[in-house]
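Have a look at the structure below, then the notes.
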Amino acid sequence: MPSRICPLCEATCGLVLSVDGAEVIEVRADAEDVFSRGYICPKGVSLGELHADPRRLTTPLIKGDDGEFHPASWDEAFGVIRDRLHPILTEHGPQSVGLFLGNPNVHNLSGPFYLPAFIKALGTTQRFSASTVDQMPKQVACALMYGTALSVPVPDIDRTHYFLMLGANPLVSNGSMMTAADFPRRLRDLRKRGGRLVVVDPIRTRTAAVASEHLPIRPGSDALWLASLAQLVTSDARLQAAESWIAAAEWDSVVALLTPFTPEATAPITGIDPDTTRRIADELRTAPTAAVYGRMGTTTSGLTAGDQVVPMATLASWLIDIINIAIGSLDRPGGVMFPLPVAGGPSTEGTPGSGHGVQIPGRRRTRVRGLPSALGEFPAAALAEEIDTPDPKTGEHIRAVFVIGGNPVLSTPNQQRLTNAFEQLDLMVSVDPYLTETSSLADVVLPVASPLTRAHHDVVFNNLAVRNQARYSPAVFEVPAGEKDETEVLAQLAAIAAGIASGHEPLPQHIDDLIAYTVAAGACNDQASRAHGRAPEELLEAVAHRTGVDRLLDLRIRSGPYGDGFGAHPEGLTLQSLMDAPHGIDLGPLQPRLPEVLRTPSGRIDVAPDVLLEALSQAARLLTEPAATARFTLVGRRQLRSNNSWMKGLPTLTGGSNVPTAMIHALDAAELGILDGQPVTVSTKTGSITLPAAVREDVTQGCVCIPHGWSQANVNALVDVTAIDHLAGTSVLSGLRVDLTPA
Ligand SMILES: Nc1nc2c(c(=O)[nH]1)N[C@H]1C(S)=C(S)[C@@H](COP(=O)(O)OP(=O)(O)OC[C@H]3O[C@@H](n4cnc5c(=O)[nH]c(N)nc54)[C@H](O)[C@@H]3O)O[C@H]1N2
Ligand SMILES: Nc1nc2c(c(=O)[nH]1)N[C@H]1C(S)=C(S)[C@@H](COP(=O)(O)OP(=O)(O)OC[C@H]3O[C@@H](n4cnc5c(=O)[nH]c(N)nc54)[C@H](O)[C@@H]3O)O[C@H]1N2
Ligand code: SF4
Ligand SMILES: [Mo]
């Protein structure tokens, strides 16, 4: 029975499949998996249904002059792309091509290895992704402090005694920016150790319900509350491990700016009374170990103040780390720690202890609104205008878009304008196994084969895993005749782009070899790598028996932090070691990594980036401005049997509560005369949607809680494209003022 890492969310559970021929009979939790130890959620259970889903596309589709899709051969589909892309690239240059990269790219091996080759071959910097409706503010804050976009310390959940969680609901989401399969067990164990879980969330979520304490907070006000906590815990900070890596003057500049944020000053806005804030600060300080963590509710929220919404996501994300540092939790068992991924990652590469750091705001600007890039990406909320609005001086705009594993029509703000913009492109390509609200607008749809036909290893999420471990799953089935693995699709696209640029189109196999050479050369040149100083040819020779992602992964594992260094560390790991351990290899609890983990130019933890000091002093103004007057505020949520906008309609994930509803408090419902299940209209100045009300007690009064990813009631229709956290280019999805009426 093949075992398999689930590629459907960040938890990366180990599963066991019962297979009969080409059919999956059953999917179960793998009790022997070293990381998940027998956990599965309904999405994992549906993996067999997903594999067999008759709606999954198996041939490319080309849109004809009749506006209809027609099944096509791969040669025809790539031919159309080649023919249309050629004049766009040669006449208007690479910046006329845009990319939207969706969530699944980080859940497979083609994204980390093959996408960079395609992007490089295109030569464009017009990159947009789901990150700017998601976690970008956390990455920006951490990149500024520690040096790279994946230098994100994660709660050491298995050893902590006190877990303060803001704006996250891992009992439903299974966790994010913190890879920890089986949250229910890990949280139960925390309680068994006598530890406390405190959840800060406007909604009494499943996670809040099992917590030791639930603190409802006014949506979007987390940064202010965190500033109060930070003020209290910095007053007698014990920086511990971090102290040697912090400049005292910088720390003092943070502490000085926190002065106005007394618990009394923030309470009227956050709704959390000063005594509670003081008590939480004391608990954080006195707990044997403590970890503070924030997720969607802190990275995609804004505070409605008067007529405006003030984004504070990067500020909140930074303050979480300031608190963790102040209570001595950074890099300490039971606190927040930096994982050490087996295949390496941005935080393991380069010179241990120093690096280039990042520039925020980014150097590039969008053409229309002049919005800055963040970590190499532009805000998703700016994509539509970058397509439909020519530059007044040059007349240039985005003329072709490749959407790879994304559904931005539903997942980002601006559905109507983005739809219109996509329709007017000279070329739109979707690499997607389904016809979706987005891919149905494409000229060419390139489907990819089932996830069970590809090998899997979490190159990205091991950078965020709460325990160091190494797991690999081989493909369960062969790619059926006529279908293509995503790596092949991306290699062919890269070949087409490279061919247009150079006049000579390489074979996809040459792209494959080029990627392998790049990975090998990267390892040889990297001072921190176990293959440092060797010749790329020697490394390639050693992995010559492997192809595709296996070859690349072997290179990365062998040169990575636990690798065999191609013989230099004979006891070290190779891909073969992982293949020989179908339930994974446990590499132990997280270990302290300071100062080696740092990649900042200063070689220190940059606790006081100018842009964040500025954001903090700006936020102080909110304390004296009149409180906001919104009667109703929008709050997001996830549903257990959903995966953003896709996987809908699989039998296991259909029906029951798995429909979009607007959760509202019973007293609000009574006041408006709304009954449970009755349609309500929720509107903002941007748009409105109608959906059934779910009248509940567990929603804070005044909050309207709506899930995303539904075409019949797309919550992003309510989102204002101008409400963007400028440091991270990230949209405000929660905390917006809404009107609520019976439909
Ligand atoms: N079943 C399921 N699981 C998923 C997904 C899915 O679609 N379905 N999506 C996956 C993805 S892509 C991600 S990124 C993760 C996200 O993982 P999480 O962030 O854990 O999931 P959310 O349910 O979005 O949790 C956000 C919480 O923030 C609260 N919130 C909203 N606004 C505020 C605020 O201003 N302040 C505070 N303190 N709280 C606020 C909401 O009430 C909600 O409970 O989930 C992943 N897992
Ligand atoms: N209002 C609001 N908006 C949100 C959120 C929210 O909480 N509130 N959450 C945001 C978050 S956290 C995220 S991550 C984004 C997600 O944003 P997106 O990534 O744009 O949306 P998904 O729904 O995850 O769509 C994934 C697409 O990839 C396709 N797909 C599935 N598997 C594969 C594969 O292996 N390869 C390829 N090429 N394609 C595949 C699916 O068919 C689907 O069309 O949505 C964001 N939008
Ligand atoms: S929690 Fe995530 S990784 Fe685990 S089975 Fe569910 S979808 Fe898969
Ligand atoms: Mo996400």
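Keep in mind that this is a model prediction, so the values were computed, not measured. Start at 1 and go down the list; that is how both ligands and their atoms are numbered.
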If you take all heavy atoms of V635 and P202, which pair is closest and at what distance? CG2-CG, 4.2 Å
Would you say CZ of R185 has more than 12 non-hydrogen atoms from neighbouring residues, nucleotides or ligands within 6.0 angstrom? yes
Interfacing atoms of ligand 1 (cut-off 4.0 Å, heavy-atom, R295): 14 (S), 18 (P), 19 (O)
Non-hydrogen atoms of R218 versus ligand 1: any pair closer than 4.0 Å? no
Ranking M165, R204, R206, R638 by closest non-hydrogen atom to atom 22 (P) of ligand 1, top hit is R638
Please identify which atoms of ligand 1 are closer than 4.0 Å to at least one heavy atom of L640. 1 (N)
Proximal atoms of ligand 1 relative to M296 (non-hydrogen, under 4.0 Å): 16 (C), 19 (O), 24 (O), 26 (C)
For W710, is the NZ or CZ atom of K648 found under 6.0 angstrom from the centre of its six-membered ring and inside 45 degrees of the ring axis? yes
Close approach, N174 and ligand 1, non-hydrogen under 4.0 angstrom: no
Atoms of protein origin (N, O or S) under 2.8 Å from atom 8 (Fe) of ligand 3: C6 SG
Would you say C9 touches ligand 1, if touching means a heavy atom closer than 4.0 Å? no
Among S642, S173, S411, A313, which one puts a heavy atom closest to atom 17 (O) of ligand 1? S173
Which word best sums up how the rings of W646 and Y434 line up, parallel for under 30°, tilted for 30 to 60°, or perpendicular for over 60°? tilted
Numbered atoms of ligand 1 (with element) below 4.0 Å of T205, judged on heavy atoms: 44 (O)
By number and element, which atoms of ligand 1 are closer than 4.0 Å to a non-hydrogen atom of V635? 31 (C), 41 (C), 42 (O)
Taking atom CZ of R56 as the centre, does the number of heavy atoms from other residues, nucleotides or ligands within less than 6.0 Å exceed 12? yes
Going by the atom numbers of ligand 1, which of them fall below 4.0 Å from some non-hydrogen atom of S301? 32 (N), 33 (C), 34 (C), 35 (O)
Within 4.0 Å of some non-hydrogen atom of D222, the atoms of ligand 1 are 34 (C), 35 (O), 36 (N), 37 (C), 38 (N)
Please check this pair: side chain of T299 against backbone of P137, looking for a donor-acceptor N/O pair closer than 3.5 Å. no
Heavy atom under 4.0 Å from ligand 1: found in N103's side chain, backbone, both, or neither? side chain
Heavy-atom pairs closer than 4.0 Å: do any link ligand 1 to the side chain of S734, the backbone, both, or neither? side chain
Atoms of ligand 1, numbered as shown, that sit under 4.0 Å from any heavy atom of S176: 14 (S), 15 (C), 16 (C), 17 (O)
Using the rule side chain to side chain contact (heavy atoms under 4.5 Å, CB included), only one of L224, D222, V309 pairs with L303; which is it? L224
How does Q135 reach ligand 1, by side chain, by backbone, by both or by neither, if only non-hydrogen atoms under 4.0 Å count? neither
A quick test of your reading: do over 12 heavy atoms of other residues, nucleotides or ligands sit less than 6.0 Å from CD of E437? yes
Tell me whether the NZ or CZ atom of R4 lies within the 45° cone about the ring axis of F477 and under 6.0 Å from its centre. no
